[in-house]
Amino acid sequence: MHDIRAIRENPAAFDAALGKRGLSAMSPDILALDEARRAKITASETAQAEANAAAKQIGAAKAKGDEDEFNRLRALTAEAKSQIAALDAEAKAEDAKLTDLLMRIPNLPHDDVPQGADENYNVEMYRWGTPHEHGYKPKEHFELTAVQGGMDFETAAKISGSRFVILSGAVARVHRALAQFMLDVHTTENDLTEVNGPVLVRDEAMLGTGQLPKFSEDSYQTTNGWWLIPTSEVTLTNIVSGTTLNEPDLPRRFTAHSLCFRSEAGSAGRDTSGMLRQHQFEKVEMVSVTKPEHSRAELDRMTKCAEGILERLDLPYRTLVLCTGDIGFGAQRTHDIEVWLPGQDTYREISSCSVCGDFQARRMNARFKRDGAKKPEFVHTLNGSGLAVGRCLIAVLENGQQFDGSVTLPAVLHPYLGGKTGISAQGELV
RNA sequence: GGAGACGUGGCCGAGUGGUCGAAGGCGCUCCCCUGCUAAGGGAGUAGACGACUUGAAAUCGUCUCGAGGGUUCGAAUCCCUUCGUCUCCGCCA
């Protein structure tokens, strides 16, 4: 959510920043709404001030026992009543219009974000690891002999439909091991606080992080109104909603392993085979809440935390900075990490780390007070995957595949697998 | 799920229709006094929004006593809805 005062003060800068995203100027519409809104507020408040003054006189008249004056004033204010109600309703309507518009405008990109229209203009910042030479055409994860019994799309479809999977046996165990491993690294080495929270949330939470009001069709809602979180960014970031933190409390860093639910509306036909794109998946998420001056550096730190997981798993990856035309709704700057998938012969997104500045903080009224300061300021928020567990499973399986149909698993996972080091062609942990 | 109670400023806590944005206490800030493992006296101490202003301050106004709506000339006080907390019962991992 944008600061209407900032737009009022410098509409040209606002429009220029929107322009970088490929959006046309919005400040004329916004300022027109704002002016109308303020005019209505003034009208409404003036009328109310008069009514309030009259009401006080009525009280005084009654105290004095002046019945004539009392009745005269009563009639007068009664008449003004409906007029005030109408003015107040108008003022509220204008205000709601402006708020609704502002809530649907995306964040402004950071100055250091490369400009571009779409994903083709994203810039690779970093590349790590060398894709393994398999000596044959590598298989996709769902084709691997070792996972044939442990990754069942047909049965899942019978129960739930497309874009679901049932993992079992060794594959399910490796999936679980990955999540445990990620959480352990984040909590013991990256100084993140582990959180286990709700996956069902209210409208307010989804509005706060930006999924609502614009992207309601991307998420699922229960019959009684709860939303199923599309990412635990929603839960983790909203921990600080409506609060004023003290300066020494910052930064706050959270991590959580949770289920995520996405309707994948609009992605019909994309990534339909395998478990790359599911309605329900697990993700280890990272969220940071920082002072404004630290948020940009925090993005680099968070990116490193995510990259570190891949490095320990010995999975080749590259990191991109998204261009102005490709960053998400709430982000000022986004780093996408793409892992090497030999079966697809390409890099695929496995993490996305974003700094949101005060965009989410304004929506959820999350503030902090500097030592000695009187007025609180908005915090800055960041979120990133660390990592998507299902996609990481895919990467581990595809990169570890052997010619004989077995899979060799990364050494850091062995302790989570009872010392086992791979999956046999028959699908057993060995 | 059933029955009931409650939700007031940073905290505790008064206030059941008329100068209540709200007594009192605690905490905090400033000043004075005193002098040492402390105490006493005084003053101050919510926020959002709008108008004015280059900006800020000051000033004026509106709103806010969980949230939203209603009754009334007037509501923290009455009514409805809703969210939350607590107690008892039921059920359950």
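Keep in mind that the numbers below use all heavy atoms, side chains included, and drop hydrogens, waters and symmetry copies. Below, chain A is the first sequence line, B the second, and so on; all start at residue 1.
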Enquirer: Determine the Euclidean distance between corresponding C1' atoms of B:rC91 and B:rG13; express it in Å to zero decimal places.
Expert: 38 Å
Enquirer: Rounding to an integer number of Å, can you tell me how far A:I84 CD1 sits from B:rU72 P?
Expert: 14 Å
Enquirer: Considering only NZ, NE, NH1 and NH2 on the basic side and carboxylate oxygens on the acidic side, decide whether A:R348 and A:E140 come within less than 4.0 Å.
Expert: no
Enquirer: Treating A:T324 as the side-chain partner and A:K20 as the backbone partner, does any N or O pair qualify as donor plus acceptor under 3.5 Å?
Expert: yes
Enquirer: RNA chain B: A:R367 or A:A49, which has the more 5' nearest nucleotide?
Expert: A:R367
Enquirer: What class does the angle between the rings of A:H279 and A:F164 fall in, given that below 30° is parallel, 30 to 60° is tilted and above 60° is perpendicular?
Expert: tilted
Enquirer: Given atom CD of A:E45 and atom C1' of B:rC52, what is their separation to the nearest angstrom?
Expert: 14 Å
Enquirer: Which whole-number value in Å describes the distance from A:Q48 CD to B:rA51 P?
Expert: 16 Å
Enquirer: OP1 or OP2 of B:rC49 less than 4.0 angstrom from a side-chain nitrogen or oxygen of A:R37, does that happen here?
Expert: no
Enquirer: Would the distance check show the side chain of A:R262 and the main-chain N or O of A:P230 forming a donor-acceptor pair, the cut-off being under 3.5 Å?
Expert: yes
Enquirer: Taking only the C1' atom of each, what is the distance from B:rA23 to B:rG9 in whole angstrom?
Expert: 13 Å
Enquirer: Is the shortest side-chain N/O distance from A:R8 to OP1 or OP2 of B:rG50 below 4.0 Å?
Expert: yes
Enquirer: Any salt bridge between A:R163 and A:E264, counting N to O under 4.0 Å?
Expert: no
Enquirer: If the C1' atom of B:rC30 is compared with that of B:rU72, how far apart are they to the nearest Å?
Expert: 45 Å
Enquirer: Taking the same atom, C1', in B:rC83 and in B:rG69, what whole-Å distance lies between them?
Expert: 14 Å
Enquirer: For atom P, what is the distance between B:rA14 and B:rG66, given to the nearest Å?
Expert: 14 Å
Enquirer: Taking A:K97 first and then A:D100, would you say they form a salt bridge - that is, a charged N and a carboxylate O separated by under 4.0 Å?
Expert: no
Enquirer: Could you work out the separation of B:rU19 and B:rU64 based on their P atoms and round it to a whole Å?
Expert: 15 Å
Enquirer: When you get a sec, tell me which of B:rG61, B:rG84, B:rA51 is the closest nucleotide to the side chain of A:R202?
Expert: B:rG84
Enquirer: Using the P atoms only, state how far B:rG40 lies from B:rC49, rounded to an integer number of Å.
Expert: 40 Å
Enquirer: Is the phosphate of B:rG50, meaning OP1 or OP2, less than 4.0 Å from a side-chain N or O of A:R5?
Expert: yes
Enquirer: Indicate whether OP1 or OP2 belonging to B:rA46 is found under 4.0 Å from a side-chain N or O atom of A:K369.
Expert: no
Enquirer: Just the rounded figure in Å: distance from C1' of B:rG61 to CG of A:L87.
Expert: 15 Å
Enquirer: So, A:E298 and A:R253, do they make that salt bridge, N to O below 4.0 Å?
Expert: yes
Enquirer: With the threshold set at 4.0 Å, does a side-chain nitrogen-carboxylate oxygen contact exist between A:K304 and A:D300?
Expert: no
Enquirer: For the P atoms, the ones on B:rG7 and on B:rA76, what distance do you get once it is rounded to whole angstrom?
Expert: 15 Å
Enquirer: B:rU62 C1' sits how many Å from A:I41 CD1, rounded?
Expert: 9 Å
Enquirer: Using a 3.5 Å limit on both distances, find every run of at least three consecutive Watson-Crick or G-U pairs that involves RNA chain B.
Expert: B:1-7 with B:83-89, B:10-12 with B:24-26, B:27-32 with B:40-45, B:46-51 with B:59-64, B:66-70 with B:78-82
Enquirer: What's the NZ-C1' distance between A:K92 and B:rC49, to the nearest Å?
Expert: 13 Å
Enquirer: How close or far is atom C1' of B:rA67 from atom CD of A:E204, stated in whole angstroms?
Expert: 10 Å
Enquirer: CG of A:D88 versus P of B:rG69: gap in Å, rounded?
Expert: 8 Å
